[in-house]
Amino acid sequence: MFDFFTTVSADKARNISPVTLAFVGDAVYSLYVRQRLVLTTDYGTGELQKLSSSKVSAHGQSGLLEKLLPLLTEEETDIYKRGRNAKKPTKSKNASVVEYNRSTGLEAVLGFLYLTGRYSRITQLLGEE
C-alpha cells in the first residue's frame with residue numbers, strides 16, 4: 001500500500017534527478033496556489049484558473065524566485081542550481097529559456113522539501129509570495 005505522505009531522507013532525495021524533483025515540485029506549487037486562492041477568495045472557477053495560471057507559470061515562478069533566493073539555505077541553493085542547470089526534456093512555449101530554467105530550479109527545491117517532509121519550510125518560503 002502506498003502512503004500519500006511518505007517521506008524520504010535528504011540523502012535519498014538528493015539522489016533523485018533534479019528534473020524529477022521539479023516534476024513533484026510543480027504539483028506542490030500548483031496545489032499550494034490553488035488551495036490558497038480557494039481559501040482566501042470568493043472567485044468562481046474561471047477566475048481561479050486565470051489567477052492560478054499566472055502564478056504557476058514559469059514567468060510567475062521566476063518573479064517569485066527573486067524574493068526567495070536570498071532566503072534559501074545552502075542545501076536549497078544547491079538543489080535550485082541543479083534544477084536550473086539540468087537538461088530538460090521539454091521547452092517552454094510561453095517563457096524565456098532563463099525563466100523556464102529558473103522555474104525548474106524553484107520547482108526542484110519545492111519537490112525536495114516536499115519529499116523530505118519539510119512542509120513548514122515550504123509554507124515559510126511560499127508565504128513570502
Side-chain angles (χ1 to χ4, degrees):
M1 181 172 173
F2 174 76
D3 180 6
F4 183 68
F5 294 105
T6 298
T7 60
V8 299
S9 69
D11 286 337
K12 184 167 183 171
R14 273 191 290 279
N15 287 323
I16 296 172
S17 154
V19 176
T20 302
L21 290 174
F23 173 75
V24 173
D26 176 61
V28 169
Y29 187 58
S30 181
L31 183 58
Y32 175 88
V33 167
R34 287 172 180 231
Q35 182 174 352
R36 185 173 175 175
L37 285 170
V38 165
L39 297 178
T40 61
T41 69
D42 194 21
Y43 297 126
T45 56
E47 188 65 22
L48 289 170
Q49 179 60 35
K50 197 180 333 178
L51 290 168
S52 172
S53 293
S54 70
K55 291 196 175 286
V56 176
S57 70
H59 178 75
Q61 289 179 21
S62 184
L64 171 61
L65 186 63
E66 287 301 313
K67 297 175 187 174
L68 299 185
L69 271 177
L71 305 175
L72 297 182
T73 65
E74 186 176 325
E75 178 180 48
E76 292 163 354
T77 299
D78 179 57
I79 299 291
Y80 163 73
K81 288 178 180 177
R82 286 181 51 223
R84 179 194 65 194
N85 297 334
K87 183 169 173 57
K88 292 135 190 100
T90 59
K91 304 277 185 229
S92 175
K93 297 175 195 161
N94 301 311
S96 72
V97 172
V98 170
E99 287 175 329
Y100 187 61
N101 289 343
R102 288 166 50 94
S103 69
T104 302
L106 174 61
E107 291 171 348
V109 171
L110 295 175
F112 175 82
L113 293 173
Y114 179 80
L115 289 175
T116 57
R118 300 177 194 177
Y119 311 125
S120 62
R121 179 64 175 152
I122 294 170
T123 301
Q124 181 184 32
L125 288 173
L126 296 182
E128 294 295 320
E129 196 172 16

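Within 6.0 Å of OH in Tyr43 there are 12 or fewer heavy atoms belonging to other residues, nucleotides or ligands. Residue-environment remark: CG (Asp3) exceeds the threshold of 12 foreign heavy atoms within 6.0 Å.
Shortest non-hydrogen contact noted between Pro18 and Ala108 is O-CB, 3.7 Å. The minimum heavy-atom distance linking Leu126 with Arg36 is given by the pair O-NH1, 3.5 Å. Listed here is the closest heavy atom pair of Phe112 and Ala10: CE1-O, 3.7 Å.
Hydrophobic clustering keeps Leu65 apart from Val98 (ILVMFWY residues linked when any side-chain heavy atoms are closer than 4.5 Å, directly or through intermediates). No continuous path of ILVMFWY side-chain contacts below 4.5 Å connects Val19 to Leu115, so the two sit in separate hydrophobic clusters. Side-chain heavy atoms closer than 4.5 Å link hydrophobic residues (I, L, V, M, F, W, Y) into clusters, and following such links, even through other members, never connects Leu125 to Leu31. Leu68 and Tyr119 fall within the same hydrophobic cluster, where Ile, Leu, Val, Met, Phe, Trp and Tyr residues are linked whenever their side-chain heavy atoms come under 4.5 Å apart, directly or through other members.
Taking the charged nitrogens against the carboxylate oxygens, Lys50 and Glu47 do have a contact shorter than 4.0 Å, which makes a salt bridge. Ion pairing between a basic and an acidic side chain is recognised when a charged N comes within 4.0 Å of a carboxylate O; Glu76 and Arg118 show no such pairing.
A donor-acceptor pair is defined here as one N or O able to donate and one able to accept, closer than 3.5 Å; such a pair exists between the side chain of Thr116 and the backbone of Leu113.
For the atom pair OG of Ser54 and NE2 of His59, the computed distance is 9.0 Å after rounding to the nearest 0.5 Å. If you take CZ on Phe23 and OG1 on Thr104, they are separated by 13.0 Å, rounding to the nearest 0.5 Å. Distance check, rounded to the nearest 0.5 Å: NZ of Lys81 to CG of Leu72 gives 10.0 Å. Put simply, CZ on Arg82 and CD1 on Ile79 are 5.0 Å apart, with the number rounded to the nearest 0.5 Å. In this structure, Ile16 CD1 and Asp11 CG are separated by 11.5 Å, a value rounded to the nearest 0.5 Å. With rounding to the nearest 0.5 Å, the separation of CZ in Arg84 from OG in Ser62 is 11.0 Å.
Residues Tyr29 and Leu106 are not in side-chain contact: their nearest non-hydrogen atoms beyond the backbone lie 4.5 Å or more apart.
In the model, Glu107 has no side-chain atom that pairs as donor or acceptor with a side-chain atom of Ser103 under 3.5 Å.
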message: If you apply the rule side chain to side chain donor-acceptor pair (under 3.5 Å), what do you find for Ser53 with Gln49, and how did you get there?
response: CA-CA 6 Å; Ser53 293; Gln49 179 60 35; 3.0 Å; yes
- prompt: Run the side chain to side chain contact (heavy atoms under 4.5 Å, CB included) check on Val56 and Asp26 step by step: do they pass?
  reply: CA-CA 8 Å; Val56 176; Asp26 176 61; 4.2 Å; yes
